[in-house]
Number of protein chains: 2
Amino acid sequence: MSESCRHNGRTSCTVPSSEQVQDLLLQAEKLCAGRQQRFTELRRKVLELVCQYKQPVGAYDLLDDLKQTGRSAAPPTVYRALDFLQSQGLVHRLATNNTYIACAHPQHEHTGLFFVCHRCGFTQEVHTDEIVQAVRQQAVTLDFTVEKAAVEVSGTCHDCQSGNDDV
Amino acid sequence: MSESCRHNGRTSCTVPSSEQVQDLLLQAEKLCAGRQQRFTELRRKVLELVCQYKQPVGAYDLLDDLKQTGRSAAPPTVYRALDFLQSQGLVHRLATNNTYIACAHPQHEHTGLFFVCHRCGFTQEVHTDEIVQAVRQQAVTLDFTVEKAAVEVSGTCHDCQSGNDDV
DNA sequence: CAAGTTATGTTATATTATAACATAACATTT
DNA sequence: AAATGTTATGTTATAATATAACATAACTTG
Ligand SMILES: [Zn+2]
Ligand SMILES: [Zn+2]
Ligand SMILES: [Zn+2]
Ligand SMILES: [Zn+2]
């Protein structure tokens, strides 16, 4: 299901549900294999941990989780794994709150576009051609070669707008 | 000159030049006065320091600068001033590299759109209606209430593309 | 297996930012 | 002007995030 996906236009993407995690891990394994990149146990484990969160997660939370598994772990352990996962497009880093989130469709390159609810933390990745195109067009105007773009919008999500102040 | 400015469409904005700093400080003073906000000596000084950099500057660099002036200063000193300046739209924070930059036209609210050269550090703020509009449109689709948006594009600026590897 | 490369373990430290509480400055009312 | 409330700053300590540096282990390739 997540093997092939079409993200034309403004398609929204969700964090994989529990039953999809294994699928996504398999996908990640294939992706890395195809690129001659080593999808090690540690990297798999970290990606799995990231996936298990419904929301973006901090590096030190992942570190705590890793320690729980009995495995030896220090900050570099998790940061190196996250660096690798990011380099493969399997994980995005949200700069505005120093968190990490699994990408639901790493099979094609893309800029991370995120809408982050600062009330409940719900974070939605989207693929909006208009945004990407607008950034690209501005880059042309500036004669700027884009390497990567971060678009992080914070505000209130649909569910949190319903007037109830106590979620 | 910076008193009234028209940023219709894709207008680029630069960090104020040295001779413009006093103008910008005066503008900031008026702006705060009009809002019943206290533009204290400390806040003025921090804004001035930020303006004096041609590139985004880190909080601890500003802290060092503050100390040079003889004034007592600790991290909270500069962070509180920066928080205030951000709240008034006088300064933007770049989340992708934890730096702060003066806004060249704080007189109207806007999202910060930045193109950051990772080679020379040159950072260009732009006002691109297309980008803002595209984000807004996507927010409508998601029924998401935007509070603030951060768009930070990193790559190579015009000057750094000229093939020379040793700037 | 040997040699080279890449990944991980480990310790220490750098960098960025905030908590908490005391004091000072300013504003407002009497 | 004194009293009072509010906002800003000083000060100390610490939290939160991330990396440097170097040793060891694992994997890869010839
Ligand atoms: Zn993604
Ligand atoms: Zn929400
Ligand atoms: Zn601005
Ligand atoms: Zn450059």
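Keep in mind that this is a model prediction, so the values were computed, not measured. Letters A, B, ... are given to chains in the order of the sequence lines, protein chains preceding strands, and every chain is numbered from 1.
Out of C:dC26, D:dA18, C:dT10, the shortest distance to the side chain of B:R38 is found at C:dC26. Each of D:dT19, C:dT8, C:dA17 was ranked by its minimum atom distance to the side chain of B:Y100; first place goes to C:dA17. Checking D:dA8, C:dA7, C:dA17 against the side-chain heavy atoms of B:T40 singles out D:dA8 as nearest. Of all nucleotides listed (D:dT17, D:dG10, C:dT16), D:dT17 comes nearest to the side chain of A:Y60. In this structure, the nucleotide among D:dG10, D:dT12, C:dG9 sitting nearest to the side chain of B:R80 is D:dG10. Counting only heavy atoms from C-beta on, A:Y79 has its side chain closest to D:dT17 among D:dT17, C:dG9, D:dT9. Nearest nucleotide to the side chain of B:S72, out of C:dT18, D:dA8, D:dG10: D:dG10. Of all nucleotides listed (D:dT12, C:dT11, C:dC21), C:dT11 comes nearest to the side chain of A:A74.
B:E130 and A:Q138 are not linked by any side-chain donor-acceptor pair at a separation below 3.5 angstrom, with hydrogens and angles left out of the test. Side chain to side chain, B:Q88 and B:R35 meet the donor-acceptor criterion of an N or O pair below 3.5 Å. Between A:Q124 and A:H158, the side chains place no donor N or O within less than 3.5 Å of an acceptor N or O (distance only, hydrogens not considered).
Between the CG atom of A:L66 and the C1' atom of C:dT8 there is a distance of 12 Å, rounded to whole Å. Between the CG atom of B:L94 and the C1' atom of C:dT16 there is a distance of 15 Å, given to the nearest Å. At whole-Å resolution of the value, CG in A:L63 and P in C:dT8 are 15 Å apart. For the pair A:K45 NZ and C:dA7 C1', the interatomic distance rounds to 19 Å; values are reported in whole Å.
Contact of B:R71 with D:dG10 (side chain to base): no donor-acceptor pair of N or O atoms is detected under 3.5 Å.
The phosphate of C:dA17 (OP1 or OP2) has a side-chain N or O of B:N98 nearer than 4.0 angstrom. Phosphate proximity of C:dA17 to B:R93: present, with a side-chain N or O under 4.0 Å from OP1 or OP2.
Once rounded to the nearest 0.5 Å, the distance linking NE2 of A:H127 with OG1 of A:T111 reads 8.0 Å.
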